[in-house]
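Remarks on the structure that follows.
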Amino acid sequence: MDLRELSDEIESISRRYAAHVGIERDDTWFLLKLQEEMGELTQAFLMRTGRARRKGRTDEELDAGFREELADVLCHVVLMARHHGVDLTGEIERKWLAWKDA
C-alpha cells in the first residue's frame, strides 16, 4: 500500500470514528490529537526503557504498546497532512529523498 492509499483508509476510519463519538475534526483537533498521541508514545517509550512505571506490563506488552503508539502517531501525521492539503509523498521526496544520492 502506498502513502496515498493509506491516507484514504485512515481518513475513512477517522471520519467514521469522529461521527460516531460526535467529534468535530477541525484544525485545532488535528494538532491536539497529534500532541495527545505523541504524549502516549512518550509514555510508552519511557515505560519500555525503564524510565517510568511498567504498570505490571510484561516486556512483550511494553513492546506492543510502543509499536501501537508509533502507528497512532504516524496515522495522525497523515491525517493532519491530508486535512491541510499537504502531499506527504511529494514533501518526503523533496525534503528527504533528494539526499539519497548525495
Side-chain angles (χ1 to χ4, degrees):
M1 176 180 296
D2 71 16
L3 193 52
R4 287 180 185 96
E5 290 173 1
L6 182 63
S7 174
D8 291 343
E9 296 278 344
I10 294 167
E11 173 62 22
S12 174
I13 293 165
S14 178
R15 187 181 300 130
R16 282 193 324 256
Y17 175 79
H20 178 73
V21 297
I23 294 171
E24 178 186 350
R25 298 180 323 145
D26 60 7
D27 289 352
T28 301
W29 181 85
F30 283 99
L31 179 62
L32 293 177
K33 189 64 179 175
L34 177 58
Q35 182 64 41
E36 176 188 12
E37 295 301 341
M38 281 298 304
E40 291 173 6
L41 174 60
T42 301
Q43 181 182 27
F45 174 81
L46 291 173
M47 291 170 68
R48 185 175 182 246
T49 59
R51 294 180 179 101
R53 292 181 302 120
R54 296 173 62 105
K55 299 181 181 179
R57 296 185 182 137
T58 66
D59 287 346
E60 293 78 19
E61 290 170 328
L62 293 174
D63 287 346
F66 179 70
R67 292 190 306 268
E68 290 169 0
E69 295 307 332
L70 279 170
D72 285 349
V73 168
L74 175 63
C75 288
H76 281 283
V77 166
V78 169
L79 285 169
M80 188 170 185
R82 182 184 180 105
H83 177 75
H84 289 284
V86 175
D87 172 14
L88 277 180
T89 301
E91 291 303 315
I92 290 167
E93 288 170 357
R94 183 188 67 74
K95 174 97 182 192
W96 284 84
L97 300 183
W99 293 97
K100 69 182 178 183
D101 294 327

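No hydrogens, no waters, no symmetry mates; every other heavy atom, side chains included, goes into these values.
Under a hydrophobic-cluster definition in which Ile, Leu, Val, Met, Phe, Trp and Tyr are linked whenever side-chain heavy atoms come within less than 4.5 Å, directly or via other members, I92 and W99 are assigned to different clusters. Clustering ILVMFWY residues whenever any of their side-chain heavy atoms sit less than 4.5 angstrom apart, transitively, puts F66 in a cluster other than the one holding L62. With hydrophobic clusters built from ILVMFWY side chains whose heavy atoms lie under 4.5 angstrom apart, V86 does not share a cluster with L32. Taken together through direct or relayed side-chain contacts under 4.5 Å among Ile, Leu, Val, Met, Phe, Trp and Tyr, V77 and L79 form part of one hydrophobic cluster.
Residues R67 and L70 fail the side-chain proximity criterion, which asks for heavy atoms closer than 4.5 Å.
Crowding of M38 atom CE: a count of heavy atoms from other residues, nucleotides or ligands under 6.0 Å not exceeding 12. Other residues, nucleotides and ligands contribute only 12 or fewer heavy atoms inside 6.0 Å of the NE2 atom of H20.
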Item to check | CA sep, side-chain torsions, deciding dist, call: D72, L41, side-chain contact (heavy atoms from CB on, under 4.5 Å) | outcome: CA-CA 8 Å; D72 285 349; L41 174 60; over 6 Å; no
Checklist entry - E69 and R48: side-chain contact (heavy atoms from CB on, under 4.5 Å), yes or no, with the steps? => result CA-CA 12 Å; E69 295 307 332; R48 185 175 182 246; over 6 Å; no
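For the atom pair R94 CZ and T89 OG1, the distance stands at 13.5 Å (nearest 0.5 Å). Summarising the geometry, atom CZ belonging to R82 is positioned 11.5 Å from atom CZ belonging to R4; distances are rounded to the nearest 0.5 Å. Considering NE2 of H76 and CD of Q35, their distance stands at 12.5 Å, rounded to 0.5 Å. Rounding to the nearest 0.5 angstrom, the gap separating the CH2 atom in W29 from the CD atom in E36 is 9.0 Å.
For I13, the side-chain contact (heavy atoms from CB on, under 4.5 Å) partners are R16, not counting sequence neighbours.
Checking side-chain atoms of T49 against main-chain N and O of F45 turns up a donor-acceptor pair under 3.5 Å.
One finds a salt bridge joining E11 and R25 here, because a Lys/Arg side-chain nitrogen approaches an Asp/Glu carboxylate oxygen to under 4.0 Å.
Between F30 and H83, the angle of the ring planes stays under 30°, which puts this pair in the parallel group of the 30/60° scheme.
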